[in-house]
Amino acid sequence: MQQLPWLEPGDALPDPASAWGEHDPVPGLLAAGGALDVDTLVHAYGRCVFPWFSEDQPILWWSPDPRMVLQVAEFKLHRSLRKTLARFTQTAGCEVRIDHDFASVIAACSQSPRTGQSGTWIVPDMVEAYLAMHRAGHAHSVETWIDGKLAGGLYCVGLGRAVFGESMFTRRPDASKIALAALVCLCRRFQVKMIDCQQNTSHLASLGAREMSRSRFVAHVARAREQQGPQWHFEPVYWAELLSARPSGPT
């Protein structure tokens, strides 16, 4: 078993390929310690590494293999979600906003219960870190608004055309799915090919996400982060990126 590296603030992250493998105690774990400042986080995401830890743990850095990725061209717009989006786009008081209230989005994500989890990994230090990332222009929120109230949304990290999904929340039925669909539309509009989903879940798989080897994902991010990124705003015309396509399933 490999020794897990311990990082001091300012230390460089190890090569993602050195993360613990399937025969180690915690596959995908790369290092512990370090800091959550903007420069460290930008460097980490650029190398396909992300932080994930609980309040009683040190900072833990991860680079799983394989990686769960949503190819935006493969997003499954099931008939039920298509109907929801059609109603949403035609109803007064319903809109998608980007970066309008990032702080409320990440706060709501940190408070949302997760199946099989008793706590949250979005601990106060993580909230502060991603607020700083947002102020620096590297973290973004996609928000579903209904009648002037924040109904759901998600936040992500964007480095050029490399987009890394982080967390979602919903207060109204399908509000988080609407936000994800809007992000897919934005990505399609600006030639962003993939949205990183980090971990494999049945929910993400049902929407079209699938696993990719870490080496392929690292190569993709190395190219995409150097390309001109999307304009982080949402126009209603972007819905055509999804709603002009045929539905992908019976439900």
Side-chain angles (χ1 to χ4, degrees), residues 12-13 15-16 36-51 63 67-77 85 89 95-103 105-106 109 129-145 153-168 178-198 204 207-245:
L13 289 161
D15 185 337
L36 292 173
D37 58 278
V38 170
D39 287 346
T40 298
L41 286 169
V42 169
H43 174 71
Y45 278 93
R47 302 191 72 196
C48 305
V49 177
F50 59 88
S63 186
R67 190 79 164 225
M68 193 69 165
V69 174
L70 175 61
Q71 308 263 7
V72 298
E74 299 177 3
F75 179 72
K76 292 182 179 179
L77 181 61
L85 292 178
T89 60
E95 61 179 320
V96 167
R97 304 176 187 175
I98 291 183
D99 292 339
H100 180 80
D101 195 349
F102 183 92
V105 170
I106 193 170
C109 288
Y130 285 89
L131 285 170
M133 284 282 280
H134 175 63
R135 290 191 294 268
H138 304 303
H140 304 279
S141 56
V142 183
E143 308 159 10
T144 303
W145 288 78
L154 61 86
Y155 72 97
C156 60
V157 170
L159 303 177
R161 290 186 191 167
V163 174
F164 307 84
E166 286 297 315
S167 187
M168 308 167 69
I178 292 169
L180 177 59
L183 178 59
V184 168
C185 289
L186 180 78
C187 288
R188 288 186 179 185
R189 187 79 173 189
F190 290 97
Q191 290 80 55
V192 174
K193 293 183 179 180
M194 303 180 192
I195 301 170
D196 176 37
C197 302
Q198 298 178 350
L204 291 169
L207 295 172
R210 56 185 171 86
E211 291 182 332
M212 170 183 287
S213 70
R214 179 171 55 217
S215 60
R216 281 188 61 204
F217 185 66
V218 167
H220 161 74
V221 168
R223 294 188 302 269
R225 70 187 183 192
E226 301 300 328
Q227 297 172 323
Q228 180 68 42
Q231 298 175 26
W232 286 94
H233 70 271
F234 192 85
E235 299 289 346
V237 68
Y238 297 173
W239 286 120
E241 299 289 337
L242 274 179
L243 296 179
S244 63

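Numbers here are sequence positions counted from 1.
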Can you name the salt bridge (charged side-chain N to carboxylate O under 4.0 Å, His left out) partners of Arg47, sequence neighbours left out?
none
In this structure, CG of Leu13 is separated from SG of Cys48 (nearest 0.5 Å) by 11.5 Å
Please name all residues satisfying salt bridge (charged side-chain N to carboxylate O under 4.0 Å, His left out) with Glu211, sequence neighbours left out, ordered by chain then number.
none
Are Leu180 and Met168 side-chain neighbours, meaning at least one heavy-atom pair lies under 4.5 Å?
yes
Quick one: are Arg210 and Glu74 in side-chain contact, heavy atoms under 4.5 Å?
yes
Partner set under salt bridge (charged side-chain N to carboxylate O under 4.0 Å, His left out) for Arg161, not counting sequence neighbours
none
Does any part of the side chain of Ile178, heavy atoms only, come nearer than 4.5 Å to the side chain of Leu85, both counted from C-beta?
yes
Applying side chain to side chain contact (heavy atoms under 4.5 Å, CB included), run through His100 and Trp145 and close with a yes or a no.
CA-CA 10 Å; His100 180 80; Trp145 288 78; 3.4 Å; yes
What's the separation between atom SG in Cys156 and atom CG in Asp196, rounded to the nearest 0.5 Å?
10.5 Å
So CZ of Phe50 and CZ of Phe164: to nearest 0.5 Å the spacing works out to 10.5 Å
Is it true that the side chains of Glu166 and Gln198 contain a donor and an acceptor less than 3.5 Å apart?
yes
Please examine the side chains of Phe75 and Leu183, heavy atoms only from C-beta on, and report whether any two atoms are closer than 4.5 Å.
no
Minimum heavy-atom distance between Pro230 and Val192, given as atom pair plus value
CD-CG2, 4.0 Å
Quick one: side-chain contact (heavy atoms from CB on, under 4.5 Å) partners of Ala182, sequence neighbours excluded?
Val96, Val142, Phe234, Trp239
Approximate separation, where rounding is to 0.5 Å, of Cys187 SG and Gln71 CD
11.5 Å
Residues forming a side-chain contact (heavy atoms from CB on, under 4.5 Å) with Ala209, sequence neighbours excluded
Met68, Leu70, Cys197, Leu204
Please examine the side chains of Tyr130 and Val157, heavy atoms only from C-beta on, and report whether any two atoms are closer than 4.5 Å.
yes
Would you please name every residue forming a side-chain contact (heavy atoms from CB on, under 4.5 Å) with Arg189, sequence neighbours left out?
Val237, Tyr238, Glu241
Rounded distance [0.5 Å steps], CD1 in Ile98 versus OG in Ser141
8.0 Å
Go through it in stages, so that I can follow the logic: the residues are His138 and Val38, the test is side chain to side chain contact (heavy atoms under 4.5 Å, CB included), and I'd like the CA-CA distance, side-chain angles, deciding distance and then a yes or no.
CA-CA 9 Å; His138 304 303; Val38 170; 3.9 Å; yes
Please report the interatomic distance CE(Met133) to NE2(His140), rounded to the nearest 0.5 Å.
9.0 Å
